[in-house]
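Worth knowing before you read on, the calculation uses all heavy atoms, side chains too, and leaves out hydrogens, waters and symmetry mates.
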Amino acid sequence: MPRFSIIVPSHGVAGRLALALDSVLAQSYGDFELIPVCDAPGSPAADVATGHAGRDSRVAPVHSPPTAGLSGARNTGLRAATGAYVLFLDGDDTLAPGALAALDARLTETGDVDVLYFEHERTPWWEGEPTSPAAPLLAKTPAGAFSPDRAPQLTGVQLPAWSAAYRRAFLADRQLTFPEGPFTDLGWGGLVTVAAERVAVLRSVVVRHLLRRQGSRLNLPGAHHHQLLDQVDLVLTRAAGSELSGALFEQLFAVVLKTASRPERLPSGRRAFFRRAGRLYRTHRPAGFRTPGGSLGVQHRLLSSGAYSAFRALRGANRSASGAAERVPRPRMLRTRILYARALRRRLDPNLAVYCAYWGRGYACSPAAIHAKAAELAPHIRSVFLVEPDAVDAVPKGVEHAVIGSRKYWEVLARAKYLVNNANFAEGVVKRPGSVHVQTQHGTPLKKMGVDQSTYPVVAAATGSFAKLLGRVDRWDYNISSNRHSTQMWERAFPGSYEALEYGYPRNDVYYTATADEVARVRRELGVPEGKTAVLYAPTHRDYQTGFDTGLDLEAFCAAAGEDVVVLLRAHYFYDQGRAKSSGRIIDVTGHRSSEDVCLAADALVTDYSSIMFDYANLDRPIVVYADDWDVYRETRGVYFDLMEAPPGPVARTPEELAQVFRDGSYAGAESKALRDQFRARFCEFDDGLAAERVVRRVFLGEPPEAIPPVIPLAERVPAPAATLVRS
């Protein structure tokens with residue numbers, strides 16, 4: 001029997017789950033079992049847990065459906081536990097170094113107590129000093145093991161479930177499980193308090209709790225607050241007649257009064273909540289309970305008597321947020337936005353969608369793919385694409401557009417129900433109640449993104465205000481992902497309350513739907529000579545450089561690589577053109593509207609660290625990584641994984657090595673194919689040609705998740721054919 005069973009529910013925290021599990025596996029004390037509780041086999045969290053289980057036999061994942069909630073996940077973990085003591089850890093929290101050794105030492109001192117409470121550290125998600133809120137409470141307790149009535153102020157009601165170690169035999173004997181509902185910690189803590197006979201405390205930090213940027217979900221407005229009273233009733237019914245009933249009553253109703261005094265938490269049913277709370281107060285009030293003094297005592301008396309109107313007046317509830325929640329916030333007013341402010345007063349148009357790509361640079365990327373599919377599947381939706389003035393001429397015929405900054409631009413932004421972007425809308429754009437923002441992203445992240453850039457000075461300086469960035473993230477309702485790696489990294493880089501849509505990138509659909517004729521057409525449009533091997537060279541932007549530099553002598557490369565090679569140069573979208581020296585073998589395609597077309601035309605890709613490699617891998621054509629400055633790039637930009645350890649094909653460090661892999665054909669050889677297969681399995685997970693359809697059906701047509709077309713297995717997908725290359 002292990003000393004400790006550590007149960008880690010993981011719903012919604014896949015991006016940080018590895019940190020939580022690693023903090024347990026790194027403990028100096030090793031007599032434990034680690035039980036991650038995942039949604040289902042194959043979910044992002046399950047993949048993380050399975051990977052850890054493969055490396056350490058102490059990790060034993062179990063599964064609980066999301067519908068069972070946090071209580072169901074913890075109870076599932078409890079049923080699987082075999083340790084003498086049980087601990088709970090949220091999937092985005094960590095164990096402090098040496099925590100298990102300290103717990104073991106303390107339990108050896110105190111003997112087999114039912115519950116060992118300990119301190120935890122609340123860590124701000126961004127900046128600020130950690131705090132230890134339990135420390136003052138634990139400081140007032142006896143030195144050794146004691147019965148709970150000797151420290152009535154210490155109850156589980158005031159502490160989260162992960163702030164204690166529980167003797168498993170005690171839980172089994174008393175048949176203690178987490179009660180259903182959103183306030184399960186409150187119910188659990190109270191039930192444990194009533195049942196425990198011997199407890200002790202450890203006055204040191206065991207868990208480091210990461211505060212979520214959005215705060216606790218329990219504090220959000222909603223009908224779930226009515227279920228708080230279910231937990232109160234459950235605990236006080238069990239506590240009736242016990243010596244701790246008075247302390248539990250006072251602490252539980254402190255929580256009830258806090259909720260009742262914040263009407264914004266209860267969009268409806270405030271009076272019903274108050275009346276039921278009053279009935280529970282009168283039913284469970286212990287004999288001899290003394291009402292607190294001051295304004296808190298007044299609140300107790302008003303609750304007891306059911307005087308809701310007087311309570312509202314006392315708490316200033318006549319200024320409740322019911323009206324404010326329905327009012328549309330106004331952006332900062334500039335003269336050019338007066339029209340926008342007026343349009344915000346009009347109702348949303350349920351059949352209007354607005355799209356934008358790359359800050360208005362044109363009709364492109366996933367927004368364009370979704371736009372096209374919406375015209376097919378949801379023709380009742382009026383779709384307007386936003387573009388800069390210099391991009392108007394490139395908008396395809398028949399696509400309605402609005403010039404950024406124009407009257408039409410502000411009007412459609414104000415009234416559209418659906419807003420789709422691969423970057424972000426302007427700072428002053430308001431997230432109206434009822435509107436739906438879809439963030440499509442524009443690549444799989446190798447380099448650090450979002451708030452993960454904050455520790456890289458060069459990048460952080462160019463990024464601007466992270467607070468403003470996160471304000472824009474708060475507008476997102478959906479965030480599209482093409483693989484589990486992206487899902488997890490977006491969760492870290494852009495912390496928000498959006499829903500991840502693991503549907504694939506709509507812009508990549510064409511890699512599975514394009515025909516040989518379409519590939520040939522694109523090559524003719526780009527000027528690729530018949531029968532030549534077109535190598536797409538697409539270097540990424542470097543934050544430590546100014547301006548565009550090809551980083552490679554392309555004419556020398558062509559001369560060394562072979563007579564049949566031509567280069568398609570595509571600079572990063574930050575630049576208008578590649579500015580390569582023009583020749584018959586170098587074609588600058590930087591200004592071409594569609595990177596997808598350019599990829600279709602190319603027989604092979606050479607890139608450094610650009611995310612285009614993840615998209616191009618869908619074509620199952622050769623990829624060569626030209627990594628002449630990997631160490632510098634990694635240190636200045638930051639990366640999520642070591643590309644040199646898991647490349648999509650051969651890695652060249654010098655121009656000579658790059659030319660050699662083309663000259664000898666190894667760029668398309670068996671080893672290259674093996675590397676690409678591994679890369680595709682990891683990063684082409686959801687791209688199968690149906691991504692745009694999934695988005696339209698889910699977002700615009702409101703179809704349930706179970707009705708969305710499933711992802712086609714990788715082995716069954718047929719990419720668009722290359723023009724000249726026969727795959728190995």
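Among residue pairs with one or both ends in residues 588-625, those qualifying as ring pair (Phe, Tyr, Trp, His ring centres under 6.0 Å) are Y609-W630, Y609-Y633, F614-F679, F614-F683; sequence neighbours excluded.
Contact record, I623 with P650: O-CD, 3.4 Å, taken as the closest heavy-atom pair. The minimum heavy-atom distance between A49 and C38, with the atom names listed, is CB-SG, 3.7 Å. When every heavy atom of L89 is checked against every heavy atom of S23, the shortest pair comes out as CD2-OG, 4.5 Å. Nearest heavy atoms, L619 versus C599: CD1-O, 3.5 Å. Nearest heavy-atom pair across L690 and P709 is CD1-CB, 4.3 Å. For the residue pair A723 and D603, the shortest heavy atom distance occurs at N-OD1, 3.5 Å.
No side-chain heavy atom of V567 sits under 4.5 Å from any side-chain heavy atom of I587. T654 has its side chain out of reach of Y626: every pair of non-hydrogen atoms, C-beta onward, lies at least 4.5 Å apart. Taking the side chain as every heavy atom from C-beta outward, R472 and K468 approach each other to under 4.5 Å. Side-chain contact between C356 and L419 is absent, with no heavy-atom pair separated by less than 4.5 Å. Here the side chains of I586 and V566 are not in contact, with every heavy-atom distance at 4.5 Å or above. Between E685 and S482, every side-chain heavy-atom pair lies at or beyond the 4.5 Å cut-off. Considering only heavy atoms from C-beta on, R361 stays 4.5 Å or farther from V387 through its side chain. Side-chain contact between Q660 and D664 is present, with at least one heavy-atom pair separated by less than 4.5 Å.
Checking Q453 against R637 by side-chain atom types alone, a donor-acceptor pair falls below 3.5 Å. Under 3.5 Å, the side chains of S481 and T487 contain a donor-acceptor pair of N or O atoms. Using modelled atom types and a 3.5 Å distance limit, the side chains of H437 and N421 yield no donor-acceptor pair. For the 3.5 Å distance criterion, the side chains of N483 and T444 qualify, holding a donor opposite an acceptor.
In this structure, K448 forms a cation-pi arrangement with Y640, its terminal cationic atom sitting closer than 6.0 Å to the ring centre and no more than 45° off the ring axis.
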Checklist entry - Hey, mind stepping through T123 and L211 against side-chain contact (heavy atoms from CB on, under 4.5 Å) and telling me if it holds? => result CA-CA 6 Å; T123 306; L211 296 173; over 6 Å; no

Checklist entry - Between W476 and F494, does a ring-ring contact (aromatic ring centres under 6.0 Å, His included) hold up when you go through it step by step? => result CA-CA 10 Å; W476 303 353; F494 303 114; 5.3 Å; yes

Next on the checklist: What verdict does the side-chain contact (heavy atoms from CB on, under 4.5 Å) test give for N424 and Q439, after you've listed the backbone C-alpha separation in whole Å, the side-chain angles of each residue and the deciding distance to 0.1 Å?
Outcome noted: CA-CA 8 Å; N424 269 301; Q439 169 58 251; 4.0 Å; yes

Next on the checklist: side-chain contact (heavy atoms from CB on, under 4.5 Å) for K673 and D677? Distances and angles first, verdict last.
Outcome noted: CA-CA 6 Å; K673 170 66 172 171; D677 286 346; 3.2 Å; yes

Item to check | Step-by-step side-chain contact (heavy atoms from CB on, under 4.5 Å) determination, L554 to L569 | outcome: CA-CA 9 Å; L554 296 179; L569 170 64; 4.2 Å; yes

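When the salt bridge (charged side-chain N to carboxylate O under 4.0 Å, His left out) test is applied to D477, the partners found at least two apart in sequence or on another chain are K431. In this structure, the ring pair (Phe, Tyr, Trp, His ring centres under 6.0 Å) partners of Y355, at least two apart in sequence or on a different chain, are H371, F385.
Each of I480, N422, N479 was scored for a side-chain contact (heavy atoms from CB on, under 4.5 Å) with Q441, with one residue passing: N479. The side-chain contact (heavy atoms from CB on, under 4.5 Å) test with Y511 singles out one residue from L600, D687, D688, D620, and that residue is L600.
Here CD of Q27 is found 10.5 Å from CG of L34. Values are rounded to the nearest 0.5 Å. To the nearest 0.5 Å, the span separating CG on L17 from CG on D93 amounts to 11.0 Å. Remark: N618 CG to R717 CZ distance equals 7.0 Å, nearest 0.5 Å. Between atom CD of residue Q488 and atom CG of residue D47 there is a gap of 7.5 Å, rounded to the nearest 0.5 Å. Interatomic distance, R16 CZ to S10 OG, rounded to the nearest 0.5 Å: 14.0 Å. Rounded to the nearest 0.5 Å, atoms CE (M613) and CG (L446) are 6.0 Å apart.
Summarising the local packing, CD of E671 is surrounded by 12 or fewer heavy atoms from other residues, nucleotides or ligands at distances under 6.0 Å.
One finds a salt bridge joining D631 and R634 here, because a Lys/Arg side-chain nitrogen approaches an Asp/Glu carboxylate oxygen to under 4.0 Å. Look at R521 and D517 and you find no salt bridge, because none of the NZ, NE, NH1 or NH2 atoms lies under 4.0 Å from a carboxylate O. Taking 4.0 Å as the cut-off between side-chain N and carboxylate O, E499 and R698 count as a salt-bridged pair. Salt bridge status for D615 with R507: present, with a side-chain N to carboxylate O gap under 4.0 Å.
Proximity of the aromatic rings of F662 and F557 is defined here by a centroid distance below 6.0 angstrom, and this criterion is met. Between Y363 and H401, a ring centre-to-centre spacing not shorter than 6.0 Å is recorded.
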